[in-house]
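Read through the structure below, which is laid out as structure tokens, and then see the notes.
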Amino acid sequence: MELMPCVLDGRAAPVLFERLAAERNRLNSCITDLARTRDRLDSIITAAGTNRHTGAPCRARATA
């Protein structure tokens, strides 16, 4: 992990705030993507479990 300027010299330059906000936005985007992937996986696991227990076919989900 890269050290931020304020850690190196004790000063918080304006660019620091921009870098921190950009990193926060990047992390939020990753978290959102991971949550969507987890939710989709949960639905697949549920459908597969239903198929396993009942023999009902897994219904294909339309994608946009």
Side-chain angles (χ1 to χ4, degrees):
M1 182 171 165
E2 181 181 339
L3 290 177
M4 298 312 248
C6 66
V7 174
L8 297 174
D9 64 12
R11 291 179 287 192
V15 70
L16 173 65
F17 298 105
E18 292 171 17
R19 289 175 65 189
L20 291 173
E23 182 63 10
R24 180 194 57 220
N25 292 341
R26 185 188 72 77
L27 289 171
N28 280 338
S29 179
C30 289
I31 290 166
T32 298
D33 290 345
L34 286 169
R36 281 188 196 125
T37 300
R38 181 207 54 219
D39 293 345
R40 181 66 180 126
L41 182 56
D42 283 345
S43 70
I44 292 167
I45 290 168
T46 298
T50 299
N51 171 265
R52 183 174 177 208
H53 294 297
T54 67
C58 297
R59 188 177 69 163
R61 180 177 164 192
T63 56

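Position 1 is the first residue of the sequence; numbering continues from there. No experiment lies behind these values; they were computed from the predicted model shown.
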Only one of Leu34, Asp42, Leu41 passes side-chain contact (heavy atoms from CB on, under 4.5 Å) with Arg38; say which it is.
-> Asp42

Interatomic spacing from CG in Leu27 to OG1 in Thr32 - rounded to 0.5 Å = 10.5 Å

Report yes or no: do Thr37 and Arg40 form a side-chain donor-acceptor pair below 3.5 Å?
-> no

Quick one: do Arg36 and Asp33 make a salt bridge, cutoff under 4.0 Å?
-> yes

Mark yes or no for whether Ser29, through its side chain, and Asn25, through its backbone, hold a donor-acceptor pair below 3.5 Å.
-> no

Nearest 0.5 Å, what's the CG-CD distance between Leu20 and Glu23?
-> 8.5 Å

